[in-house]
Amino acid sequence: MGTIHAPSGVDYSEARQHELRKTRIVMVDGDLTANSETTEGGSSARVFNKGYWGFASTPAMDESGARKVAKKAVENANIMCRFGDQPKLVMPSESHVGEYGFNGRPPLGQKETIELLENLQALCKVKYPRLKSTSFMLMQEGHEKRIATSNGSDGLSTTHRAAFYIFFSAEDKNGRPVRLAETFSGRGSLADLQLSVDLLEPKMDELHRHLQAKCNAVAPRGGEQTVIISPALAGMLAHEAMGHPCEADSVLGGAATANLVGKPVASELVTMVDLAHSYNGEELMVPVYIDDEGTEAKDVTLIEDGILKSFMTNRESAAKLGIAASGNARAYTFNDEPLIRMRNTAILPGTSKLEDMIAGIEDGYYLMHTGNGQADSTTEFMFGIQLGYEIKNGKLGNAITDTTVSGTAINMLKTVDAVSDDMYWECNGYCGKKQPMVVSLGGPALRAQIHLGGE
Amino acid sequence: MRSELFAQAQQALDEMLGAGFAHAQVSVSVSEQEELNVMHNEPSLLRSTEDHELSLTGIIDSRRATMALTDLNTSALKSAVAELFERAGNAPRDDANVVSTGEKGHYEQGPLEGDMDLLALKVEELLEFRAQQTPLMQIEECAATHRVVRECVLTSGGTELSCVIGCYDLSVFGAATDGEKTSSFNYTGGVANDLSGAHASELFGIGNMMVETEKQIETQTIPGNFVGDIILAPTAIMDMLGWLLNQVLDHSLISDLSIYRDCVGTEIANERLTVQSRFDGPGHAPYSADACTTPALTLVQNGRLNYLLPSLYGSLKTGIKHTPSSSGWLIEPGETTRAELIAGMNRGALVNRLSMGAPGPNGDFSGVIKNSFLIEDGLQGHALSETMIAGNMASMLNDIVGVSEEHLDLGGQDFPWIRIANLNFS
């Protein structure tokens, strides 16, 4: 990607070149049902003038394409002036210059990838003959963006994410289908996940054990329950329950968090952050050093020792809220305008041991795997539970059937009475908000009171 | 433009067959979009986008691979075909890999030129409605959009499909606030060939959604656990219908997880349920991703399942009769008014949105009901918070006890209100 220039003669502008390459391979019971590669690239420009935004994009990545979208973006901002004068808004003017590439392992060849899936399928057939269906899905995507802004930012940023999914299905005691999935994800390409039969066999054994348990699952009791939220779930909780309501566009739209800065919203054991690129000196799964508005990305502490501290912003919302721009403006494809998006959102680890936390529950549940989740402006959240176990007298009991947990985060997080010293990160799936987005989620295990769906 | 797209598609098809593919499918599409955005109750952004897509599916020795790219240049095409050839060669053999043959059709629908004055008018109408009728509603995002897609699809089996489809979208997302109190977020929107026939607040239930959202600032929980009824609003019905569709589409059929695998011709739902296709709804051309025309069909007729919907690949894989399908569905309205549905209920809820994980293949689910209202002794009461329902999707289809005569047309979907019995509330 070469040098690009932001449109001139307006209050603020940015130009972006963006290429996205994706691979998706799906094998169902030995049949390759998807084997696709997608490459999309183009140029975009966005301008802010007289209080209005104009955006334009085209699939061309050459100079003429850049000129065309710059002209169109300015025209679009001018067309918006038909809606009347807007109060002047002075956006943060900080700029950042830097190039942030990624040096991963050499990409895995497609032949090797398919051979791995075939070997896994053959192993499953021998080791787990009672499975009704076995599916594998591999996804990888790489973004490369060149960004320039009218206030002097100039950056190259990259995002590379790979994810591998295993789905096992069996029949329960009543002959009904039961499904369970395990995922592996990380920064880089599929090669960086270092997948192999040797690595995956014990993981598949474990998944198979859980599925057998789920085939004999009991329905959980509906209502308020004492639960252990596994580290894999705590990241989803962080992202859905408090992450979305702490995005500044949600705050400006009336989210319940708007009036809670400086007030307790969680147990003092809870500290939650949206990390820009690193944690404890190590680069995270979705490192963002410069965002798509050319702002240097900085960590945002959302909750510190239970107190709500701040919000994630772009330049416009930072100006409206009178706080700093945090570098959370991100666009998914060249056709998309940057929106406020999370990066690596996590509840930070505590000091408790997971085994002790389980042992301390007389009657409750251990919630292990989730499918998806959703947030709300009220901080009410839900996420689906695909794998969980009863806890009886401090020990794990029967598996439970698929269920959903919900609560209002600013109430539920106050019930947290133990935070484990584990830390688990993942970056599979997408966050949805007008555009999809790659994010990572992290967390330790939490013990709390939560509303469980059931009979 | 149509002949230009055809020429590009033909060039790509020739390139693929020349490279040695035994069978190929090619599509070339060009799309444009103008999107007028409102953010936080103010007009904010005008977004213009252009997109190109060249999609190539190649089969050699019964091995298949697919590529898609935005670059339509000849050099990019040649390079993509070479890479695709290698990728297909690495795939396992599968005799179910075929392309469609002999499908023909050209489809035109909707406005091909966007009317910026109309988009601006609809935004002004919405903002005026908000200011005058629902001042507590905070429109976090609203988009008034015109888009047009031109596409040509060819296969080595002689299929030639093309379309020129224009349409308008209008959608609103936000929450209502009063001081420090806030409602759950709410949204609605739809697709149409024309937005000029009605005030923006009367399109796609937008005004009603904004009025109801203001009523959801004050909420209460339902005390205790009980078994009751729900009325599923059109905005929530896709959760139930989506599960049913998953059961009759490729993945569930190929992996033999569909509970309806052997149910064609049998009753899978209450006789009040009839589900028809709307494959030619606004914004859509009636052909499938694997280049087959999609004639109209009635999926469920008075509770009886008429079809399974495998693709060409899925059909050859499973031996199930091929029935091409696309997106867009309509549920036939009933003969009961919505008021009568409510009046007949002892205890339950009017559910406008279900927030939940995807139900498992056996249909079990639990979820939080959002933007929803208590119904008690035949009357609609207060808005609800922190209320969950649990049940089974297959059972819900059989437990339908009423379908309203009123319906909400969102363009791609047209659904009534449906009353369903026997849900567990907690």
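Letters go in sequence order (proteins before strands), and every chain restarts at 1. Both backbone and side-chain heavy atoms feed into the values below; hydrogens, waters and symmetry mates do not.
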Below 4.5 Å from any heavy atom of chain A, which atoms of [X] appear? Answer side chain, backbone, both or neither.
| X | value |
| --- | --- |
| Ser183(B) | backbone |
| His52(B) | both |
| Val123(B) | side chain |
| Tyr313(B) | side chain |
| Leu72(B) | neither |
| Ala120(B) | both |
| Gln33(B) | neither |
| Glu53(B) | neither |
| Asp256(B) | both |
| Lys181(B) | neither |
| Ile259(B) | side chain |

Under 4.5 Å from any heavy atom of chain B - which part of [X]:
| X | answer |
| --- | --- |
| Ile79(A) | side chain |
| Ala375(A) | backbone |
| Thr23(A) | side chain |
| Asp29(A) | side chain |

Exercise. Between Thr38(A) and Ala68(B), is there a donor-acceptor pair closer than 3.5 Å when you use the side chain of the first and the backbone of the second?
Worked result: no
Problem set entry | Expected output: side-chain Asp402(A) to main-chain Phe365(B) donor-acceptor under 3.5 Å |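 No, Asp402(A) side chain to Phe365(B) backbone: no donor-acceptor pair under 3.5 Å.
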Exercise. Under 3.5 Å, is there a donor-acceptor pair between the Asn259(A) and Glu180(B) side chains?
Worked result: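 Side-chain D/A pair, Asn259(A) to Glu180(B): absent.
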Problem set entry | Between Ser48(B) and Asn76(A): side-chain donor-acceptor atoms closer than 3.5 Å | yes
Would you compute the distance between atom [atom1] of [X] and atom [atom2] of [Y] and round it to the nearest 0.5 angstrom?
| X | Y | atom1 | atom2 | value |
| --- | --- | --- | --- | --- |
| Asn35(A) | Met67(B) | CG | CE | 10.5 Å |
| Glu42(B) | Gln86(A) | CD | CD | 5.0 Å |
| Thr387(B) | Glu380(A) | OG1 | CD | 8.0 Å |
| Glu50(B) | Phe334(A) | CD | CZ | 9.0 Å |
| Thr33(A) | His251(B) | OG1 | NE2 | 7.5 Å |
| Asn37(B) | Phe55(A) | CG | CZ | 10.5 Å |

For this session: Decide side-chain contact (heavy atoms from CB on, under 4.5 Å) for Asn392(B) and Arg176(A); before the verdict, give the C-alpha distance in whole Å, the side-chain angles of both, and the deciding distance to 0.1 Å.
Result: CA-CA 12 Å; Asn392(B) 178 277; Arg176(A) 302 191 324 153; 3.5 Å; yes
Shorter than 4.5 Å, heavy atoms on both sides: which option in [options] has the most such pairs with chain B?
| options | answer |
| --- | --- |
| Thr379(A), Val26(A), Thr39(A) | Thr39(A) |
| Glu171(A), Gln386(A), Lys72(A) | Lys72(A) |
| Leu252(A), Val178(A), Asp172(A), Thr370(A) | Leu252(A) |
| Ser36(A), Gly54(A), Pro59(A), Ala255(A) | Pro59(A) |
| Gly384(A), Gly51(A), Ser133(A) | Ser133(A) |
| Ile114(A), Thr401(A), Thr408(A), Asp249(A) | Asp249(A) |

Problem set entry | Stepwise side-chain contact (heavy atoms from CB on, under 4.5 Å) test for Asp117(B) and Arg82(A) | CA-CA 10 Å; Asp117(B) 290 338; Arg82(A) 68 187 292 160; 3.0 Å; yes
Problem set entry | Most chain A-contacting option - heavy-atom pairs closer than 4.5 Å, from Ala76(B), Ala175(B), Ala91(B), Ser258(B) | Ala91(B)
State, to 0.1 Å, how close [X] and [Y] come at their nearest heavy-atom pair, and which atoms those are.
| X | Y | value |
| --- | --- | --- |
| Ser184(B) | Ser377(A) | C-OG, 3.5 Å |
| Pro92(B) | Glu118(A) | CB-OE2, 3.4 Å |
| Thr182(B) | Thr378(A) | O-CG2, 3.6 Å |
| Pro177(A) | Asn362(B) | O-ND2, 3.1 Å |

Problem set entry | Pairwise side-chain contact, Glu386(B) with Ser406(A), heavy-atom cut-off 4.5 Å (strictly under) | no
For this session: Taking the side chain as every heavy atom from C-beta outward, state whether Asp336(A) and Arg47(B) have any atom pair closer than 4.5 Å.
Result: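 Sidechains of Arg47(B) and Asp336(A): in contact.
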For this session: Applying side-chain contact (heavy atoms from CB on, under 4.5 Å), run through Glu316(A) and His40(B) and close with a yes or a no.
Result: CA-CA 12 Å; Glu316(A) 183 180 13; His40(B) 306 132; over 6 Å; no
Problem set entry | Worked check of salt bridge (charged side-chain N to carboxylate O under 4.0 Å, His left out) between Glu141(B) and Lys434(A) | CA-CA 9 Å; Glu141(B) 290 172 20; Lys434(A) 190 176 181 188; over 6 Å; no
Exercise. What do the steps show when you test Lys132(A) against Ser255(B) for side-chain contact (heavy atoms from CB on, under 4.5 Å), and what is the final call?
Worked result: CA-CA 8 Å; Lys132(A) 194 168 170 62; Ser255(B) 53; over 6 Å; no
